[in-house]
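Before any comments, here is the structure.
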Protein chains: 2
Amino acid sequence: MKKLKRSARLVEMTQYLLNRPHTLISLTAFADRYQSAKSSISEDLAIIKEVFEEEGIGQLQTLAGAAGGVKFIPRMAAEASLDIVRRVCRELEQPERVLPGGYLYMTDMLGQPNLLNDVGRIFATAFADRPIDVIMTVETKGIPLAYATASCLNLPVVIVRRDNKVTEGSAVSINYVSGSNKRIQTMSLARRALKEQSRVLIIDDFMKAGGTVQGMMDLLHEFNATVAGVGVFVESGEVGTEDRLLEDYVSLAKLTAVDLKTKQTTIVPGNYFDTE
Amino acid sequence: MKKLKRSARLVEMTQYLLNRPHTLISLTAFADRYQSAKSSISEDLAIIKEVFEEEGIGQLQTLAGAAGGVKFIPRMAAEASLDIVRRVCRELEQPERVLPGGYLYMTDMLGQPNLLNDVGRIFATAFADRPIDVIMTVETKGIPLAYATASCLNLPVVIVRRDNKVTEGSAVSINYVSGSNKRIQTMSLARRALKEQSRVLIIDDFMKAGGTVQGMMDLLHEFNATVAGVGVFVESGEVGTEDRLLEDYVSLAKLTAVDLKTKQTTIVPGNYFDTE
């Protein structure tokens, strides 16, 4: 790269950091990249850090020492997150979203890259400080949420299949009971998709009693992997606490009531926004 | 937003533009956001434009006039794209990726956010100048590619299902013949997922004869929608030209030979890199 003026270097460093979240970049690497003294680079980073933190873009963590450097941690401030989720709740409350059986149509929302990027950043904020190796979801609607989160956390994604496809090689299958309708279903994951001992963050779009998430946890057990966290976009609050299969999860929104006759629903911010 | 110094403003504007690809932002909006004169904003944009273009990040299109403003178009230069695809080809040629039936295991690669972001930018470059309303893919492995592309093009995604889920409402189903193994399969799309007359970019992970893509085209016909383009990550070159169901598509890589005995495969850059 040719030597840049400070103003151009700030632009370049900003895009470089934004494209490499949760990645440690040494001062030396920056100094080499921009053919500049480390002292200049440090000054640049101080400017970027201040803007990122003031504007709620994220943190710029500085690690001192020989192995030191800088790491961009995308974050979404609580207030901005709540604004976004409140907008999601209002949008989800539209009567035409109520489908037969009390399901909620939200596929279109999970198809909007802007919203997904925001939601990914909220999940990435919620789980930023946990040690995680990989993000897992089950097809189909959780996939975009898992990738949006993975993109902010710089982690790979594995997708659990509801069938066992020939293009995946040998796989582990389990049966699980979907908590809400008591049907027995199958999910499977390719043997080579997940290393043993992995610490796994589970992300899904909707959770009723939690049978599907519980199924993924059982599958993880088969891989000697552990659950590092569970994040769901919308949880159904219509499930009694005694029927809920898991307790430790983060939800961004909560469906508290569905009136099938009037098609009125009530959706409120989820437990991520609970203040003790 | 409080008034920023030029250096801080450059950082903020860079992140603002990067997060809003293919979105027209008026000079007035920037001037208001940063409480700065339009002349200062124009100077900042000139610096950002030069860095983005020199470093191959993308274009900053300036539109003059009352409705004018600036638009960030993510691009990946041909040389950088070819480097990435060559690395993908080498990685895909590993013998342990050959599965029974001559399938190629590439699910892990489609789980890496960094690679997906790169591939998304390549597809976004390939289709940047076509009028497109929505990106379509079929579950499951094409989904991350579709989102990565959509994120760069600022477009929504619709996902065609291989079943007809209760949570989607009324849907249109079609049968199609998978060209490679001649089996009849079903795919469906929720009625409300796609507006009539939409111009649709189809993205998928793998194409053999093109039966699945042809199925999506037939489905589009049911919605009075049109095909704006077809992009596939890897195409199989083992299909004779006379068996190929479609001609107008962009492929990033091409599987030219699979030896099931030795598990040797040959994968080369796809037709996107063809030079006439």
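Just so it is clear: chains get the letters A, B, ... in the order the sequence lines come, proteins before strands, and each one is counted from 1.
The greatest number of non-hydrogen atom pairs below 4.5 Å with chain A, out of B:D108, B:V158, B:L4, B:L155, is found for B:L155. For the set A:Q112, A:E55, A:E96, the entry with the most heavy-atom pairs within less than 4.5 Å of chain B is A:E55. Counting heavy-atom pairs closer than 4.5 Å to chain B, the top-ranked of the candidates A:P113, A:A190, A:S7 is A:P113.
Closest non-hydrogen pair, B:A193 versus A:Y105, comes out as CA-OH, 3.7 Å. Here the closest heavy-atom approach between residue A:R192 and residue B:R97 is recorded as NH1-CA, 4.1 Å. Annotation for B:Y147 and A:P144: closest pair CZ-CB, 3.4 Å, computed over non-hydrogen atoms.
Only the side chain of B:F52 comes within contact range of chain A, judged by heavy atoms closer than 4.5 Å. In this structure, chain A has a heavy atom under 4.5 Å from the side chain of B:K2, while its backbone stays farther away. With a 4.5 angstrom heavy-atom cutoff, B:E139 touches chain A only via side-chain atoms. For A:E12, the parts lying under 4.5 angstrom from a heavy atom of chain B are both the backbone and the side chain. Heavy atoms of B:R20 lying under 4.5 Å from chain A are absent altogether.
Paired with A:I159 under the rule side-chain contact (heavy atoms from CB on, under 4.5 Å), one option of B:L110, B:T140, B:I143 passes, and it is B:T140. Each of A:L17, A:I48, A:D44, A:I57 was checked for a side-chain contact (heavy atoms from CB on, under 4.5 Å) with B:V11, and the lone residue meeting it is A:I48.
Taken from CG in B:L116 to OG in A:S151, the straight-line distance is 8.5 Å, to the nearest 0.5 Å.
A:T14 and B:Q15 form no side-chain donor-acceptor contact under 3.5 Å, judged by distance and modelled atom types alone.
In this view, A:K71 satisfies the salt bridge (Lys or Arg N to Asp or Glu O under 4.0 Å) rule with no residue, not counting sequence neighbours.
In this structure, B:E196 places its CD atom where more than 12 heavy-atom neighbours from other residues, nucleotides or ligands lie under 6.0 Å away.
Side-chain contact between B:E50 and A:K5 is absent, with no heavy atoms from C-beta onward closer than 4.5 Å. Under the 4.5 Å side-chain criterion, counting only non-hydrogen atoms from C-beta, B:N117 is not in contact with A:N19.
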